[in-house]
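The structure under discussion is supplied below as structure tokens; questions concerning it will follow.
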Amino acid sequence: MTTRRTLLETGLALSAGLALPRIARGASPKVVVVGGGFGGGTAAKYVKKFLPAAEVTLVERDRQFVTCPFSNLVIGGLVKMEQITHGYDKIAKRGVEVVHDEAVAVDPVARKVRLKGGGVLDYDRLVLSPGIDLDYEGLPGYSEAAAEKLPHAWKAGPQTLLLKKQLEAMPDGGTVIIVAPNNPFRCPPGPYERAGMIAWYLKKNKPKSKILIFDPKETFSKQALFFESYEVLYPGMIQWIGGKQGGKVERVDPQAMTVEAGFGEEKGDVINVIPPQRAGKIAQLAGVTDEKGWCPIDPKTMESTKAPGIYVVGDACIAGAMPKSGTAANSQARNAAAAIAAALEGKPAPEPSYANTCYSVVAEGYGFSVTGVYGATPEGIKEIAGGVSKLKAPAKDRDLEAAYAVDWYRGIVHDAFG
Amino acid sequence: MGTQRIVLGLAGLVFSATTTGGAGWALAAPSVETITRNCVVCHGPKEAGQAEIPTLANYPAKKMAEMLAGFKADQKPATIMNRIAKAFSDEQIAAIAEHLGTK
């Protein structure tokens, strides 16, 4: 036994792509998951579930995960920060080793991940679920330092609370500016749900205020539903300035508190800048990104087309018709986990079934959704069926969808971290 | 359990040659286990603590098949399931109901 193990570890195990699956060679396969959001939590949990013999390690910098979903509801005051903050205890109890550290390098040939704390993790399969990196250079005038004055609040946590605090300090009659990014970006309906949640707060507390959304795009997710809801709930309060009207912001100025767009220069009392984005840094470092900064994957398995053995799920990957959402990440991760378990057992990858459901809540008792079921094709992930909530639906449907949003939230948190 | 697996396995083979819902492209269809893992994200188990979305625990298979078919045909009121059910062939709906529902 000792001889065999030594032989395997020194000789065979070092060379990638062996004919014999890892399990057949008698060793526990090692799966490392980097990033403890919806994608990473789900991947770690489900690899362990599908292949209990695997040694699964989840690498996550933070002790707690604050979800981006419902963080707009924190800003609106409908939900408290504690309610969207989750730990990793339940995943750990499932037998996943949770390491609170940061992955700083990946060697895709030797199959090793180096951690900031100095540790090195070997892997047979690696899942990267690093979410997004904010591209501060992509918007002149914006920077990490500027974000302390013009919060992005696009990674939930202190930034969420900063934006909320600024709204609370703003005088009645003030102007809130939301700078929306171009595609692709995390949570396509997010900027517009945020406008609704800010309006919800302002209507009750500072009703003379207004919200301007500057947007380089000409269309956006659930657009007609958002416009309908603004008119029903907050008439005259929210103005959207799209690409055709000069909505593309060229520069922001944190000192003068202005944004410069084709539309003109506007001064804001609160300016929420959602900058351009790219795949999380570790994906760049691992060499699995394309020239635009996102990660191409095999639509059937989520395995990187750039580096065998590395799977990229969630906002960082290029998932065809699927949006960059928590549910999409969760679904991609579950399917990737099944593909990884199969690969480690020497079996072909099962056919995936991807899904997305994404609720937007723009007022208490007013929600709507987009959903889709997707399949893998050789040209990428395509939608089989789906769509958005009906326009002009009765109030009871909006109320139901707001309640369903809460249940969806409970369900996905349970599936990813429970 | 063994019997159920075999039946479902065969059902899976049947759709794989034929349909993937309403899409124009046809590829091998996912197994019913793979499909239904998406369902429980919203229709979580009891311990997820949901209030409004119906739990699928102890849901009769026959009723589930009727509901899904009704959603697919826009004959039952729904906010979201009408959009989701259209992704599945009639055979897949039968298999989903058999897999998740109770006898």
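Throughout, protein chains are lettered first and strands after them, A, B, ... in sequence-line order, and every chain is numbered starting at 1.
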With a strict 4.5 Å heavy-atom criterion, list every residue of residues 60-81 of chain B that contacts chain A, or say none.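 At a heavy-atom separation under 4.5 Å, chain A is reached by B:T79, B:I80.
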Test item: B:R83 and A:S369 side chains (from C-beta on) under 4.5 Å apart, heavy atoms: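 Of all side-chain heavy-atom pairs linking A:S369 with B:R83, at least one is under 4.5 Å.
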Tell me, for A:F417 versus chain B, whether the close heavy atoms (under 4.5 Å) come from the side chain, the backbone, both or neither. neither
Side chain, backbone, both or neither: which part of A:F50 has an atom under 4.5 Å from a heavy atom of chain B? side chain
Quick check on A:D407 against chain B: is it the side chain, the backbone, both or neither that has a heavy atom closer than 4.5 Å? both
When you look at CD of A:E364, are more than 12 heavy atoms from neighbouring residues, nucleotides or ligands closer to it than 6.0 Å?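 Result for CD/A:E364: open.
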Side chain, backbone, both or neither: which part of A:Y354 has a non-hydrogen atom closer than 4.5 Å to chain B?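 Answer is backbone: N, CA, C or O of A:Y354 sit under 4.5 Å from chain B.
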Main-chain N/O of A:S353 paired to B:N38 side chain as donor or acceptor, under 3.5 Å: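 Side chain of B:N38 to backbone of A:S353: a pair is present.
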With only heavy atoms counted, which part of A:L400 is less than 4.5 Å from chain B, the side chain, the backbone, both or neither?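 Contact with chain B: side chain only.
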Name the option with the most non-hydrogen atom pairs under 4.5 Å to chain A; the candidates are B:A85, B:G44, B:C42. B:C42
Which answer fits A:N330, side chain, backbone, both or neither, if we ask what part of it has an atom under 4.5 Å from a heavy atom of chain B?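 The answer is the side chain of A:N330.
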Nearest heavy-atom approach of B:A48 to A:R410 is O-CB, 3.4 Å
Most contacts with chain B, counted as non-hydrogen pairs under 4.5 angstrom, among A:G372, A:A393, A:G411: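 Maximum pair count with chain B is reached by A:G411.
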Which heavy atom in B:A87 sits nearest to a heavy atom in A:I384, and how many Å separate them?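 Answer, listing the atom of B:A87 first, then A:I384: O-CG2, 3.5 Å.
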Close contacts, residues 49-57 of chain B versus chain A, judged by heavy atoms under 4.5 Å: B:G49, B:Q50, B:A51, B:E52, B:I53
Best-contacting candidate, A:G387, A:S331, A:G418, A:A403, against chain B by heavy atom pairs under 4.5 angstrom: A:G387
Check whether A:V406 gets within reach of chain B through its side chain, its backbone, both or neither, counting any heavy atom under 4.5 Å. neither
